[in-house]
Novice: 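Below you'll find the structure I mean.
The chains referred to below are lettered A, B, ... by the order of the sequence lines, with proteins before strands, and numbering in each begins at 1. This one's a predicted model, so the numbers in the text were calculated from it and none came from an experiment.
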2 protein chains.
Amino acid sequence: MLETLSFTEENYLKAIFSLSKKTEGSVSTNHIADKLSTKPSSVTDMIKKLADKMLVDYKKYQGVSLTRKGRKTAVSIVRNHRLWEVFLVEKLNFKWDEVHDLAEQLEHINSDVLTERLDAFLDYPTHDPHGDPIPDKNGNIEQRKSEPLANSEIGKQYEIIRVDDSSDNFLKYLDKKGIAIGKILTVIHKEIFDNSLEINIDKKQILITEEVAKNLLVRIKKQ
Amino acid sequence: MLETLSFTEENYLKAIFSLSKKTEGSVSTNHIADKLSTKPSSVTDMIKKLADKMLVDYKKYQGVSLTRKGRKTAVSIVRNHRLWEVFLVEKLNFKWDEVHDLAEQLEHINSDVLTERLDAFLDYPTHDPHGDPIPDKNGNIEQRKSEPLANSEIGKQYEIIRVDDSSDNFLKYLDKKGIAIGKILTVIHKEIFDNSLEINIDKKQILITEEVAKNLLVRIKKQ
DNA sequence: AAAAAAATTTAGATTAATCTAAAAATATTT
DNA sequence: AAATATTTTTAGATTAATCTAAATTTTTTT
Ligand SMILES: [Mn+2]
Ligand SMILES: [Mn+2]
Ligand SMILES: [Mn+2]
Ligand SMILES: [Mn+2]
């Protein structure tokens with residue numbers, strides 16, 4: 001049933017899964033190459049291999065999409081990744097900007113039992129430290145509704161539930177500004193000129209650029 | 001300073017380290033091949049590579065030994081392995097016969113910070129679930145004195161401190177008999193004919209074969 | 001609908017890790 | 001000290017993952 005895949009194969013599946021969410025449909029060779037910092041010709045080779053293993057559907061020049069089996073594998077790796085991130089933050093006191101690269105390694109540890117034990121140990125978390133949903137053991141992913149803070153309306157109150165950019169720099173910037181998952185903010189003013197926002201958070205008023213606001217995903221609290 | 005090694009290279013270093021303890025000196029190509037279930041010709045190739053990286057000393061036909069740098073790397077992998085085994089048993093409720101293969105994967109996760117955090121989280125354990133010492137962060141390994149129960153004397157009392165065979169079957173057998181690390185036993189009788197032992201443990205009297213007694217390492221408690 | 005540009009695939013190499021079979025060196029036995 | 005056996009190395013292939021450069025297909029522009 002489940003054959004053993006190399007780390008590389010697993011990373012390709014994960015990349016295709018991640019890109020599929022945006023493109024809705026099939027994913028292009030060049031996009032995969034970009035995502036994995038490799039060359040399009042390498043991608044073509046790997047795609048053929050994954051197609052042979054029935055993990056992706058592939059027609060020359062037409063892009064790829066995950067099969068049910070491929071998606072299942074990809075989701076299970078994402079589940080591992082996010083559970084390990086929770087472990088690192090909650091149990092080993094890592095900061096949220098320090099865990100991604102370690103999780104990239106840990107996600108490939110191949111054991112369903114381990115994953116389930118870890119899940120239980122962490123008390124079945126639903127989201128990782130960056131607000132991303134943790135797929136359940138059947139591969140279902142709870143999709144919370146959210147919108148970029150950039151689309152917010154003045155005077156309304158929002159809860160920060162996810163970050164769309166998990167780069168060290170962005171996360172450290174948020175720390176510095178006191179912005180974190182779960183915090184409540186109110187939009188005071190939006191500058192027409194550059195779309196920067198004046199927001200109120202923890203009773204302090206701060207300014208954030210449009211770029212930052214685009215990467216903060218929020219849920220409305222009060223009209 | 002520390003280059004990145006492949007899992008394979010790390011496994012060779014670990015194998016050489018482990019074999020060095022018994023042979024006291026240099027390790028032969030065939031022994032390494034046996035240990036790693038590979039062929040002598042493959043070992044020769046890899047040894048050359050490790051020698052180029054200054055991780056082993058090697059002279060054709062004369063066997064290999066670890067350099068200081070090679071030993072340091074090997075010990076750090078062993079440290080990881082044993083810390084992860086403790087984690088799996090203490091925190092995730094795995095049994096001592098279920099953790100080795102997972103630790104074989106986890107030991108290669110490459111992060112000093114992770115290792116130190118894990119060590120702290122586990123409250124600085126000194127031994128793994130099989131009684132093997134956990135090297136400290138400087139690579140020092142505490143060597144407790146112990147002897148095989150097979151060498152024990154009648155009437156004396158011993159504490160079980162380590163197992164010399166960590167195979168699933170042996171560990172499960174010990175579970176079944178109620179034999180575990182830390183337990184105290186008294187040797188009642190040794191059968192001259194086959195060297196089997198009659199021992200008293202937890203107020204029950206049980207019989208164990210010489211083969212079992214050879215793989216139970218004990219420390220004397222009372223004359 | 002041609003021409004030009006962009007995306008994708010193929011052809012041919014390279015590197016790591018492995019293997020089998022043969023050659024060479026070392027160790028053991030007579 | 002020869003002969004034999006064992007161990008170790010070399011030679012030559014193979015497989016996975018990658019690359020560059022060239023060829024092909026698709027898309028976009030004119
Ligand atoms: Mn991550
Ligand atoms: Mn995350
Ligand atoms: Mn082990
Ligand atoms: Mn152990």
Novice: Show me the pairs that pass salt bridge (Lys or Arg N to Asp or Glu O under 4.0 Å) and involve residues 55-64 of chain B, at least two apart or across chains.
Specialist: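 Residue pairs passing salt bridge (Lys or Arg N to Asp or Glu O under 4.0 Å), neighbours aside: none found.
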
Novice: Map A:Q62 and A:S42 onto DNA chain D by nearest heavy atom, then report which one ends up closer to the 5' terminus.
Specialist: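 The residue whose closest nucleotide sits nearer the 5' end is A:S42.
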
Novice: Name the pairs: protein N/O against N/O of nucleotides 2-6 of chain D, kept only if under 3.5 Å.
Specialist:
none

Novice: Identify whether any heavy atom of A:T8 sits under 4.0 Å from a base atom; if not, whether one sits that close to sugar-phosphate; answer base, sugar-phosphate or nothing.
Specialist: sugar-phosphate

Novice: Quick one: list whatever passes salt bridge (charged side-chain N to carboxylate O under 4.0 Å, His left out) with B:K53, sequence neighbours left out.
Specialist: B:E9

Novice: Could you tell me if the side chain of A:I179 sits less than 4.5 Å from the side chain of A:I160, heavy atoms only?
Specialist: yes

Novice: Find the distance A:D52:CG to D:dT15:P and express it as a whole number of Å.
Specialist: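 Rounded to whole Å, this separation is 14 Å.
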
Novice: Can you list, by residue number, the residues of residues 31-39 of chain A that have a non-hydrogen atom closer than 4.0 angstrom to DNA chain D?
Specialist: A:T38, A:K39

Novice: Who are the salt bridge (charged side-chain N to carboxylate O under 4.0 Å, His left out) partners of B:E104, not counting sequence neighbours?
Specialist: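 So B:E104 forms a salt bridge (charged side-chain N to carboxylate O under 4.0 Å, His left out) with B:K14.
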
Novice: Quick test of your reading: applying salt bridge (Lys or Arg N to Asp or Glu O under 4.0 Å), list the pairs with at least one residue in residues 129-148 of chain A, sequence neighbours left out, ordered by first then second residue.
Specialist: A:D132-A:R162

Novice: Counting only pairs under 3.5 Å, give me each side-chain donor-acceptor contact of residues 27-34 of chain B, with atom names and distances, residues two or more places apart or in other chains.
Specialist:
unit_1, atom_1, unit_2, atom_2, d
B:S28, OG, B:H31, N, 3.2
B:S28, OG, B:H31, ND1, 3.0

Novice: Would you say C:dT10 has OP1 or OP2 under 4.0 Å from some side-chain N or O of A:Y61?
Specialist: no

Novice: List in numerical order all residues of residues 10-19 of chain A for which some heavy atom is under 4.0 Å away from an atom belonging to DNA chain D.
Specialist: A:Y12

Novice: Can you name the ring pair (Phe, Tyr, Trp, His ring centres under 6.0 Å) partners of B:F87, sequence neighbours left out?
Specialist: A:F87, B:W84

Novice: Between D:dT9 and B:K48, is there an OP1 or OP2 to side-chain N/O distance shorter than 4.0 Å?
Specialist: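 No.
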
Novice: Would you indicate what A:T29 reaches in the nucleic acid, counting non-hydrogen atoms under 4.0 angstrom: base, sugar-phosphate, or nothing?
Specialist: sugar-phosphate

Novice: Using the salt bridge (charged side-chain N to carboxylate O under 4.0 Å, His left out) criterion, which residues pair with A:E116? Sequence neighbours excluded.
Specialist: A:R79

Novice: Nearest whole angstrom, please: distance from the C1' of C:dT18 to the CD of B:E9.
Specialist: 14 Å

Novice: Would you mind reading off the distance between A:M46 atom CE and C:dT10 atom P, rounded to a whole angstrom?
Specialist: 16 Å

Novice: Scan residues 107-141 of chain A for pairs that pass ring-ring contact (aromatic ring centres under 6.0 Å, His included), counting only residues two or more places apart or in two chains.
Specialist: A:F7-A:H108

Novice: Just call it for A:F7: base, sugar-phosphate, or nothing, with non-hydrogen atoms closer than 4.0 Å on any strand.
Specialist: nothing

Novice: Quick one: does NZ or CZ of A:R117 land under 6.0 Å from the six-membered ring centre of B:F94, within 45 degrees of the ring axis?
Specialist: yes

Novice: Name the closest nucleotide to the B:D45 side chain, picking from D:dA21, D:dT9, C:dC19.
Specialist: C:dC19

Novice: Would you please name every residue forming a salt bridge (charged side-chain N to carboxylate O under 4.0 Å, His left out) with A:R219, sequence neighbours left out?
Specialist: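 In terms of salt bridge (charged side-chain N to carboxylate O under 4.0 Å, His left out), with neighbours along the sequence ignored, A:R219 is linked to A:E159.
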
Novice: Looking only at side-chain N and O atoms, does A:K60 come under 4.0 Å of OP1 or OP2 in D:dT24?
Specialist: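 No.
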
